Asker: 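Can you read through this structure? Questions will come right after.
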Amino acid sequence: QTALNRDDLLRGIASSRRQAPARQDESPVTQAAPPVAESSSFPTLSDPVVGAIADLRSGNDARICRVLGAHSVTPALLAHVIPLLARETVLRDVFRALRPVASSVSGQLVDALLERRLHPVVRRRLPLVLARADTRRAVLGLVECLSDTDADVRLRCGEALRRLRSQAPQLVFPEAELWQALHAEL
C-alpha cells in the first residue's frame, strides 16, 4: 500500500516542472508557474492551522477531539468543524467547541444551514448551535429556513428561534414572516 505524502508530492511536481522545457508556442502567461521553493511561506503541516485542519479531517476521534479542545474555532477551522456535526462519536465535543463562537461565526453557520447539499443530519443540528448566536444574521437565517423542504430542519429552526427570543430579547424578529411560516405549517 502506497501512502502519499503531501510534501513528497509537491517536491515531485516541482522537480518535473524544472525538467520539462517550456514549449516555444507558450506565452509567459500560459507557461507553468515556477516551482515552489522549499523555504517559501507555503503552508505545511508545521503551520498550526493546516495541522489542525488535517486532524479535523483525519477521521480519528482522538485527533479531532484534541483539536476541538485545544483550539478556539476560528473562521479558518469552521468549514472543517461543521461536517463533524454528523459524527455521533465527537458530537458533544463539536457542540462544546461551536457554542462559544456561534455569534462571531453566525454568518458561516447560516450559510451552511442554507446549503441543501450538506448532510441532512448536519443541517438538523446547526440550529442547535445557532440558538446560541445572538445576532440578527442568525435570526434571519433561521427564519429563512422555516420554509425549508426538510420538516426536521423547519422544526429545529423554529425551536432555535424560540430559544433566541427568550434568551436575547434585544433581537428584532420579523413577525410577519414568522406568522407566515406558522400558517404554512398548519
Side-chain angles (χ1 to χ4, degrees), residues 43 47-61 63-186:
D47 178 331
V49 174
V50 174
I53 291 170
D55 286 343
L56 290 170
R57 298 179 59 88
S58 70
N60 180 303
D61 290 349
R63 288 173 61 188
I64 291 168
C65 290
R66 185 177 66 238
V67 170
L68 293 174
H71 294 274
S72 176
V73 176
T74 63
L77 295 179
L78 184 63
H80 306 281
V81 173
I82 289 172
L84 297 173
L85 286 166
R87 290 179 63 110
E88 296 291 333
T89 55
V90 297
L91 186 58
R92 184 171 295 178
D93 295 283
V94 174
F95 278 132
R96 196 175 296 127
L98 286 176
R99 284 182 175 146
V101 298
S103 292
S104 64
V105 296
S106 62
Q108 285 178 278
L109 293 170
V110 167
D111 288 345
L113 179 62
L114 294 170
E115 178 55 62
R116 297 188 195 281
R117 293 174 295 179
L118 198 60
H119 194 287
V121 171
V122 173
R123 293 188 67 234
R124 290 179 196 130
R125 290 177 175 165
L126 277 167
L128 298 172
V129 178
L130 282 164
R132 300 290 181 102
D134 56 351
T135 66
R136 176 96 174 124
R137 179 68 183 123
V139 169
L140 294 176
L142 289 165
V143 168
E144 185 173 344
C145 284
L146 290 175
S147 62
D148 197 88
T149 56
D150 185 328
D152 288 330
V153 169
R154 292 193 308 269
L155 174 67
R156 304 259 177 132
C157 288
E159 291 170 348
L161 285 164
R162 182 186 52 78
R163 278 192 213 132
L164 271 174
R165 180 168 273 200
S166 66
Q167 294 172 2
Q170 77 280 7
L171 290 174
V172 176
F173 290 80
E175 299 296 326
E177 290 179 52
L178 292 172
W179 281 109
Q180 183 180 11
L182 178 65
H183 288 294
E185 282 298 314
L186 299 176

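For this chain, numbers begin at 1 and follow the sequence in order. Please read all numbers here as calculations on a predicted model, not as lab measurements. Hydrogens, waters and symmetry mates play no part in the numbers below; they use all other heavy atoms, side chains included.
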Asker: Go through the steps to decide whether Arg116 and Thr149 satisfy the test side-chain contact (heavy atoms from CB on, under 4.5 Å), and finish with yes or no.
Answerer: CA-CA 9 Å; Arg116 297 188 195 281; Thr149 56; 4.0 Å; yes
Asker: Applying side-chain contact (heavy atoms from CB on, under 4.5 Å) to Val73 and His80, what does each step give before you reach the verdict?
Answerer: CA-CA 10 Å; Val73 176; His80 306 281; over 6 Å; no
Asker: Donor-acceptor pair, Arg154 side chain versus Asp148 backbone, under 3.5 Å?
Answerer: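 Looks like yes, one N/O pair under 3.5 Å.
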Asker: With a 4.5 Å heavy-atom cut-off, do Leu146 and Leu142 have their side chains touching?
Answerer: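 No, every pair of side-chain atoms sits at 4.5 Å or beyond.
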Asker: Could you please spell out the steps behind the side-chain contact (heavy atoms from CB on, under 4.5 Å) verdict for Leu118 and Leu126?
Answerer: CA-CA 11 Å; Leu118 198 60; Leu126 277 167; 4.1 Å; yes
Asker: Look up atom OG in Ser106 and atom CZ in Arg137, then write down how far apart they are to the nearest 0.5 Å.
Answerer: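 The OG atom of Ser106 sits 7.5 Å away from the CZ atom of Arg137.
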Asker: Please name the pair of heavy atoms, one in Leu113 and one in Cys145, separated by the smallest distance, quoted to 0.1 Å.
Answerer: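 Heavy atoms of Leu113 and Cys145 come nearest at CG-SG, 3.5 Å.
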Asker: Within the structure provided, determine whether Glu144 and Leu114 are in side-chain contact (heavy-atom separation under 4.5 Å).
Answerer: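 They are in side-chain contact.
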Asker: Within the structure provided, determine whether Leu109 and Leu78 are in side-chain contact (heavy-atom separation under 4.5 Å).
Answerer: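 Yes - at least one pair of side-chain heavy atoms lies under 4.5 Å apart.
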Asker: Side-chain contact, heavy-atom cut-off 4.5 Å: Asn60 with Asp55?
Answerer: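 The answer is no; the side chains never approach within 4.5 Å.
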Asker: Determine, stepwise, if the pair Asp134 / Gln170 fulfils side-chain contact (heavy atoms from CB on, under 4.5 Å).
Answerer: CA-CA 9 Å; Asp134 56 351; Gln170 77 280 7; 4.0 Å; yes
Asker: Would a distance-only check, ignoring hydrogens and angles, find a side-chain to backbone donor-acceptor pair under 3.5 Å from Arg99 to Ala131?
Answerer: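 Not a single qualifying donor-acceptor pair exists.
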Asker: Could you give the distance from CZ (Arg156) to CG (Asp152), rounded to the nearest 0.5 Å?
Answerer: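 Going from CZ on Arg156 over to CG on Asp152, the span is 6.5 Å.
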Asker: Can you tell if the side chain of Leu161 reaches within under 4.5 Å of the side chain of Val143, non-hydrogen atoms only?
Answerer: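 Yes, close enough: below the 4.5 Å cut-off.
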Asker: Roughly how far, to the nearest 0.5 Å, is the SG atom of Cys65 from the CZ atom of Arg92?
Answerer: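 These two atoms lie 11.0 Å from each other.
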Asker: I need the minimum non-hydrogen distance between Ala79 and Pro83, along with the two atoms involved.
Answerer: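 Closest approach of Ala79 to Pro83, heavy atoms only: O-CD, 3.2 Å.
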Asker: Indicate the atoms forming the closest heavy-atom contact of Leu130 with Ala138, along with that distance.
Answerer: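 Minimum heavy-atom separation between Leu130 and Ala138: CD2-CB, 4.0 Å.
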Asker: Does the side chain of Ile64 reach to within under 4.5 Å of the side chain of Leu84, using non-hydrogen atoms?
Answerer: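 Contact flag for Ile64/Leu84 side chains = yes.
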Asker: Kindly check if the number of other-residue, nucleotide or ligand heavy atoms within 6.0 Å of CZ (Arg136) is above 12?
Answerer: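 Atom CZ in Arg136 is packed in, count exceeds 12.
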Asker: List the atom of Leu77, the atom of Ser72, and the distance in Å for their closest heavy-atom pair.
Answerer: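 Scanning both residues completely, I find the closest heavy atoms to be CD1-O, 4.0 Å.
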Asker: Which pair of non-hydrogen atoms, one from Ala102 and one from Ala133, has the smallest distance, and what is that distance?
Answerer: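 Looking at all heavy atoms of both residues, the shortest contact is O-CB, 3.5 Å.
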Asker: Do other residues, nucleotides or ligands put more than 12 heavy atoms under 6.0 Å from the CZ atom of Arg125?
Answerer: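 Check passes, neighbour count above 12.
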Asker: Answer whether the closest heavy-atom distance between the side chains of Val101 and Thr74 falls below 4.5 Å.
Answerer: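 Heavy-atom side-chain distance check fails, nothing below 4.5 Å.
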Asker: So that I can tick it off, tell me whether Glu159 and Arg124 are bridged by a salt bridge, with the cut-off set at under 4.0 angstrom between side-chain N and carboxylate O.
Answerer: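 No salt bridge links Arg124 with Glu159.
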Asker: Can you name the closest pair of heavy atoms from Ile82 and Ala112 and give their distance?
Answerer: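 Nearest heavy atoms, Ile82 then Ala112: CD1-CB, 3.8 Å.
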Asker: Before accepting this row, confirm whether a basic side-chain N of the pair Arg66/Asp61 lies closer than 4.0 Å to the acidic partner's carboxylate O.
Answerer: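 A salt bridge is absent here (no side-chain N lies under 4.0 Å from a carboxylate O).
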Asker: Below 4.0 angstrom, N of the basic side chain to O of the carboxylate: do Arg123 and Asp150 qualify?
Answerer: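 Looking at Arg123 and Asp150, the cut-off is not met.
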Asker: Determine whether the side chains of Ser103 and Thr135 contain a donor N or O and an acceptor N or O closer than 3.5 Å.
Answerer: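 Distance-only check fails for Ser103 and Thr135.
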